[in-house]
Amino acid sequence: MGTYHSTRGRTLSCSSKVAIRTGIAPDGGLFVSDELGTQQVDISSLADKSYFEIAQDVLGMLLNDYTAEEISACVDEAYRGTFASEEVTPLVKLDAAPGADAPQTYVMELFGGPTSAFKDVALQMLPRLMARTSAKDGGAERIMIVTATSGDTGKAALAGFADAPGTGITVFYPEGKVSRVQNLQMSTQEGDNVAVCGIRGNFDDAQSAVKRIFADKELAERLEAAGTVLSSANSINVGRLVPQVVYYFAAYAQLLRAGAIEAGDAVEFCVPTGNFGDILAGYYAKQMGLPVGKLVCASNENNVLTDFLTTGTYTAKREFFKTTSPSMDILVSSNLERLLYHVTGSDAEVAGFMQQLAATGSYTVRPETLAA
Ligand SMILES: *Cc1c(COP(=O)(O)O)cnc(C)c1O
């Protein structure tokens, strides 16, 4: 997909390098491509492919202004020797359920990376993708990554970007709402280009503040004059999203190799969901030809997405619960905006929803949209 544009307006389009370097569209929307699904991954040959080969194919389709050599170097640097398993994201079979026809259940282990967060899978890749962009792809010589975290993203992003040339990173986390381990992981990060700030509020406050920083035109001008452009390491950055599409295909390849399925059989994925990045990557995989039955959106007590997917009304104005899964304690789930764009096909409609969300804390989609 060579051209990306905002979920809130189609007039300005850009390459995937520009989308990755700038992180968020100038109108506050997220970068999407209308070419999603025009190229299909060959399922029949998946079983013979390694994680690296699958990544090469999938990323090549999603980021087609990167050369094959660039993609291959990014994949190697991100995953060769940095993850505990050769498979990068190994599947582990759960004890067989009783009854011969009971569906088989596997767990995909995404925690084998350097910070033990599943987010390493994407955040080991994003800095490499960003390093292959240059000032001509977006404004200035230096990039400052500004990121909000509910706990895990912060450390994984700090580890990915630490001492990356031409890049600085600042992480904002809700003080008192991340675990002690996460707090220590972040505050002890080494590197000359890293900064960590606790804020008063919850993750949504941190994420909204980061979005306001991005939307501040005057700040952007001042930074540009100083030779710096802001970007994001949150899953609003398309370079954070696309590496996750790979492991849905890799899971399928492992099931084929294990003889658990045959090519073409549908597989269902149940995905613990917060900012809707992981499950959206599954939706992208499905659009790219992966035989996905259902994608099950799993929520914790902050079940804003479960409510939305059952009623069609998104209500961010509700009680916020602090849970034992802080990475899912999110009431404004950013990547849902991308799904709304792909399902409605209307930038104007999405812009309307986001305006209503900002103004009233709520919006309702049409019944056709909910059904889709
Ligand atoms: C980030 C995270 C999630 C939520 O993933 P999203 O892509 O934000 O939906 C769920 N569980 C864990 C452990 C996480 O780190």
Side-chain angles (χ1 to χ4, degrees), residues 1 4-10 25 27-41 43 61-62 103 105 235-236 238 241-242 244-245 248-249 251-252 261 264-318 328 330-372:
M1 309 197 291
Y4 282 79
H5 62 77
S6 170
T7 43
R8 302 183 196 177
R10 279 209 195 81
D27 60 5
L30 309 189
F31 286 113
V32 283
S33 173
D34 294 331
E35 292 159 47
L36 176 66
T38 50
Q39 276 178 293
Q40 300 281 295
V41 174
I43 300 304
M61 287 180 188
L62 291 168
T105 309
S235 53
I236 53 177
V238 75
L241 183 67
V242 296
Q244 298 188 263
V245 180
Y248 285 88
F249 287 97
Y252 199 88
I261 55 168
D265 287 350
V267 172
E268 303 201 331
F269 292 90
C270 180
V271 188
T273 301
N275 223 6
F276 211 75
D278 193 2
I279 195 165
L280 185 74
Y283 175 82
Y284 275 35
K286 183 169 180 163
Q287 302 307 305
M288 294 169 73
L290 189 71
V292 175
K294 274 191 186 128
L295 289 162
V296 181
C297 173
S299 299
N300 64 14
E301 212 175 353
N302 296 297
N303 56 358
V304 59
L305 288 164
T306 307
D307 285 353
F308 171 69
L309 292 169
T310 42
T311 67
T313 296
Y314 193 98
T315 311
K317 267 208 181 129
R318 56 169 71 210
M328 297 166 67
I330 292 177
L331 296 181
V332 181
S333 190
S334 295
N335 276 293
L336 185 63
E337 181 171 344
R338 285 194 166 103
L339 182 67
L340 289 171
Y341 174 80
H342 291 300
V343 169
T344 63
S346 169
D347 49 338
E349 204 176 345
V350 173
F353 292 147
M354 294 305 130
Q355 247 160 28
Q356 281 174 44
L357 184 67
T360 69
S362 172
Y363 60 83
T364 300
V365 300
R366 287 178 288 125
E368 309 87 88
T369 305
L370 179 61

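Numbering of residues begins at 1 and proceeds along the displayed sequence.
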Close side-chain approach of [X] and [Y], heavy atoms under 4.5 Å:
| X | Y | value |
| --- | --- | --- |
| Ile43 | Leu290 | yes |
| Met354 | Leu340 | yes |
| Leu62 | Leu36 | yes |
| Met328 | Leu305 | no |
| Val267 | Tyr248 | no |

Donor-acceptor pair, distance only, cut-off 3.5 Å: does the side chain of [X] make one with the backbone of [Y]?
| X | Y | result |
| --- | --- | --- |
| Asp27 | Gly29 | yes |
| Gln287 | Gly282 | no |
| Tyr4 | Ala25 | no |
| Lys286 | Gly293 | yes |
| Asn302 | Ile330 | no |
| Tyr341 | Phe31 | no |

Report the distance from atom [atom1] of [X] to atom [atom2] of [Y], rounding to the nearest 0.5 Å.
| X | Y | atom1 | atom2 | result |
| --- | --- | --- | --- | --- |
| Glu349 | Arg8 | CD | CZ | 14.0 Å |
| Tyr314 | Gln356 | OH | CD | 14.0 Å |
| Leu280 | Gln244 | CG | CD | 9.0 Å |
| Asp307 | Thr311 | CG | OG1 | 6.0 Å |
| Tyr284 | Leu339 | OH | CG | 9.0 Å |
| Leu336 | Ile279 | CG | CD1 | 10.0 Å |

Shortest non-hydrogen separation from [X] to [Y] and the atoms involved:
| X | Y | value |
| --- | --- | --- |
| Thr313 | Ser362 | CG2-OG, 3.8 Å |
| Arg318 | Thr315 | NE-O, 2.9 Å |
| Ser299 | Thr306 | OG-OG1, 2.7 Å |
| Gly264 | Tyr252 | N-OH, 3.0 Å |
| Asn275 | Ser334 | OD1-N, 2.8 Å |
| Leu357 | Ala316 | CD1-CB, 4.1 Å |

* Before giving the answer on side chain to side chain contact (heavy atoms under 4.5 Å, CB included), spell out for Val41 and Phe249 the whole-Å C-alpha distance, their side-chain angles and the decisive distance to 0.1 Å. => CA-CA 9 Å; Val41 174; Phe249 287 97; 3.6 Å; yes
* By salt bridge (Lys or Arg N to Asp or Glu O under 4.0 Å) - contacts of Arg338 (at least two apart) ->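 Result, salt bridge (Lys or Arg N to Asp or Glu O under 4.0 Å) vs Arg338: none returned.
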* Measure up the Phe353 and Tyr363 rings against each other and bin them: parallel (under 30°), tilted (30 to 60°), perpendicular (over 60°). =>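 Geometry flag for Tyr363 against Phe353: parallel rings.
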* Single hit among Val32, Asp347, Asn335, Thr344 for side-chain contact (heavy atoms from CB on, under 4.5 Å) with Thr7 -> Val32
